[in-house]
Asker: 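Here it is, the structure in full.
Ligands are counted one by one from 1 in listed order, and the atoms in each one are counted from 1 as well. Note that the numbering runs from 1 along the sequence shown for the chain. Values below: every heavy atom of this structure, side chains too, minus hydrogens, waters and symmetry copies.
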Amino acid sequence: MLLVTMPDGGSSHIRSVCFVVPTYNEADNIEAIVRQILGLAGEDLTVHLVVADDSSPDGTGKIVEGLANEFVTLLSGDKQGLGSAYSRAFSHVLSELSVDAIVQMDADFSHAPADALRLIAALADADVAIGSRYTAGGTVDPAWGRRRRLISKCGNLFARYVAGLYRIKDCTAGFKAIRTQALRRAFPLRLPVQGYVFQVASLHALFISGARVVEVPIYFADRSAGVTKLGRKDVVEFFVHVWWLRLLSRKTFIKFALTGLTGVVVNLASFEALLVSGLNPYICSALAIELSIVWNFFVNNYWTFRDRVVKSRKRIRGLKFNAVSLVTLSISFSSFVLLRWLLPQEPLVIAQFLSIFPAVLANYFANSYWTFKADAT
Ligand code: GDD
Ligand code: MN
């Protein structure tokens, strides 16, 4: 048996794991998933299972109670969201069990229990192994429609680049094996998130604490029974919290984000005002975006990037600024058009709000690395 010494002194071989499976109305799946997970235990591997159920009205918790034993624990709570359930379960495992790793996975067979063994094996020289849909060799069930695929891809790209996790291809994955030691180092306590963004927030915490992350390709199947629980609240929290993650690690970016916040107010207030005046919503969108860009430029110029030494401060920058705002405008406006198509039933202002985010990112990079780039001294 090969034992590699970890930088933190731990031994690399995984002998015991605890699966953490969050459930909300998974009565049709839970018994089978519990049995398949327990079936992974072997001579070299002890398997525990914690089911974090949010008092599912369909009786999922009751079924788990019936299956509970020395290795299977039901952890019930109120319905707060996927992230809260995970936080609760992770701290339970860290305080009550002594296992080498945690494996988190969905209850709906999107993640094949057998693949967990490949994730655990990958921990031989990593702290986190992601069951990845988007790394080479990973795939998603063709039954996932175009819309679902696009939403997942966009959310994932957004998380990668905003939260600074661009080296990781599947940042929103719900299938991961994590060494408990790495988890302790990254976040011994609960993470301040309630919903699906937990996946990104936990990965981010692990990543910045120095955990070694690898991706293992998986086939992500569409759920076999029941429906997805991803809700509007999760989506909003996702887009807001990913920016927060970025904020945690950048200083100029904090100023830029605060400026952006005032820009959001300018954007949405003028959007609403223009709508009231009876103009076509698409024209209102474009005008409101442009107004907020001009606003942001002035605040960034005189505050955010004030301390950057830049030659020819006014003329060149004015030109560059115009070029950047043109790009920002088109990104934001295309996002608005795309979001109207993706979320036709949502109020206009939601699309306008969400369309701000991808543009802000492009705007930041363009301004930081070009418009306000410090001159070499
Ligand atoms: N306890 C609890 N509370 N469990 C929940 C909640 C909740 O509020 N919401 C969802 N779950 C459970 C579900 O019962 C399921 O076992 C798992 O979390 C994933 O939920 P799904 O509703 O099946 O998610 P999905 O298929 O749309 O999303 C998948 O992709 C996401 C994005 O890539 C999952 O793999 C997610 O983990 C992943 O983040
Ligand atoms: Mn699912």
Asker: Hey, is ligand 1 close enough to Tyr24 that some N/O pair sits below 3.5 Å?
Answerer: yes

Asker: Using the ring of each side chain (for Trp, its six-membered ring), is Phe353 parallel, tilted or perpendicular to Phe357, with breaks at 30° and 60°?
Answerer: perpendicular

Asker: Would you confirm whether Asn69, through its side chain, and Phe71, through its main-chain N or O, come within 3.5 Å as a donor-acceptor pair?
Answerer: yes

Asker: What about Phe238 and Tyr196, are their ring centers closer than 6.0 Å?
Answerer: no

Asker: Nearest non-hydrogen atom to atom 21 (P) of ligand 1 belongs to which of Tyr196, Phe109, Phe175, Phe238?
Answerer: Tyr196

Asker: Closer than 4.0 Å to some heavy atom of Arg223 - which atoms of ligand 1 meet that?
Answerer: 21 (P), 22 (O), 23 (O)

Asker: When you compare ligand 1 with Phe220, is there at least one nitrogen or oxygen pair between them that comes in under 3.5 angstrom?
Answerer: no

Asker: When you measure from atom 1 (N) of ligand 1 to each heavy atom in Ala52, Pro22, Gly174, which option holds the nearest one?
Answerer: Ala52

Asker: Only one of Ile289, Ile293, Val294 forms a side-chain contact (heavy atoms from CB on, under 4.5 Å) with Ser325, so which one is it?
Answerer: Ile293

Asker: Begin with the C-alpha distance, continue with both residues' side-chain angles, and end with the deciding distance and a verdict on side chain to side chain contact (heavy atoms under 4.5 Å, CB included) for Phe207 and Arg167.
Answerer: CA-CA 10 Å; Phe207 189 76; Arg167 263 171 282 171; 4.1 Å; yes

Asker: Examine the side chains of Tyr24 and Ser55 and answer whether a donor and an acceptor come within less than 3.5 Å of each other.
Answerer: no

Asker: Which residue and non-hydrogen atom of the protein lie closest to atom 30 (O) of ligand 1, and at what distance in Å?
Answerer: Arg133 NH1, 4.0 Å

Asker: For ligand 1, indicate whether the residue His111 contacts it via side chain, backbone, both or neither (heavy-atom separation under 4.0 Å).
Answerer: side chain

Asker: Please check if any side-chain donor atom of Thr259 sits under 3.5 Å from a side-chain acceptor atom of Trp303, or the reverse.
Answerer: no

Asker: I'd like the name of whichever of Gln199, Arg148, Lys229, Gln194 reaches closest to atom 26 (O) of ligand 1 through any heavy atom.
Answerer: Arg148

Asker: Could you verify whether a donor N or O on one side chain and an acceptor N or O on the other, from Arg133 and Thr172, lie under 3.5 Å apart?
Answerer: yes

Asker: Nearest protein heavy-atom contact for atom 8 (O) of ligand 1: which residue, which atom, what distance?
Answerer: Lys79 NZ, 2.5 Å

Asker: Anything under 30° is parallel, anything over 60° is perpendicular, the rest tilted; go ahead and classify Phe175 against His111.
Answerer: parallel

Asker: Check the side chains of Glu272 and Gln352 for a donor-acceptor pair under 3.5 angstrom, ignoring hydrogens and angles.
Answerer: no

Asker: Is it the case that ligand 1 has an N or O less than 3.5 angstrom from some N or O of Asp53?
Answerer: no

Asker: Give the residue, atom name and distance (to 0.1 Å) of the protein heavy atom nearest atom 3 (N) of ligand 1.
Answerer: Asp54 OD2, 2.7 Å

Asker: With a distance cut-off below 6.0 Å to the six-membered ring centre and an angular limit of 45° from the axis, does Arg160 pair with Tyr166 as a cation-pi contact?
Answerer: no

Asker: For atom 15 (C) of ligand 1, what is the closest protein heavy atom, and at what distance to 0.1 Å?
Answerer: Glu26 OE2, 3.4 Å

Asker: Would Ser110 count as a contact of ligand 1 if the rule is a heavy atom under 4.0 Å away?
Answerer: no

Asker: Let me check your reading of the structure: within less than 2.8 Å of the Mn ion (ligand 2), is there an N/O/S atom from Asp108?
Answerer: yes

Asker: Write out the residue and atom name of the closest protein heavy atom to atom 29 (C) of ligand 1, then the distance separating them to 0.1 Å.
Answerer: Asp106 OD2, 3.7 Å

Asker: Using heavy-atom distances, let me know which of Thr23, Leu82, Asp222 sits nearest atom 2 (C) of ligand 1.
Answerer: Thr23

Asker: From atom 27 (O) of ligand 1, work out which of Asp234, Val21, Thr228, Val51 has a heavy atom at the shortest distance.
Answerer: Thr228

Asker: Which of the numbered atoms in ligand 1 are under 4.0 angstrom from any heavy atom belonging to Thr172?
Answerer: 32 (C), 33 (O), 38 (C), 39 (O)

Asker: Looking only at side chains, do Thr135 and Glu215 share a donor and an acceptor under 3.5 Å apart?
Answerer: no

Asker: Should you measure from each heavy atom of Ala85, which atoms of ligand 1 turn up under 4.0 Å away?
Answerer: 1 (N), 2 (C)

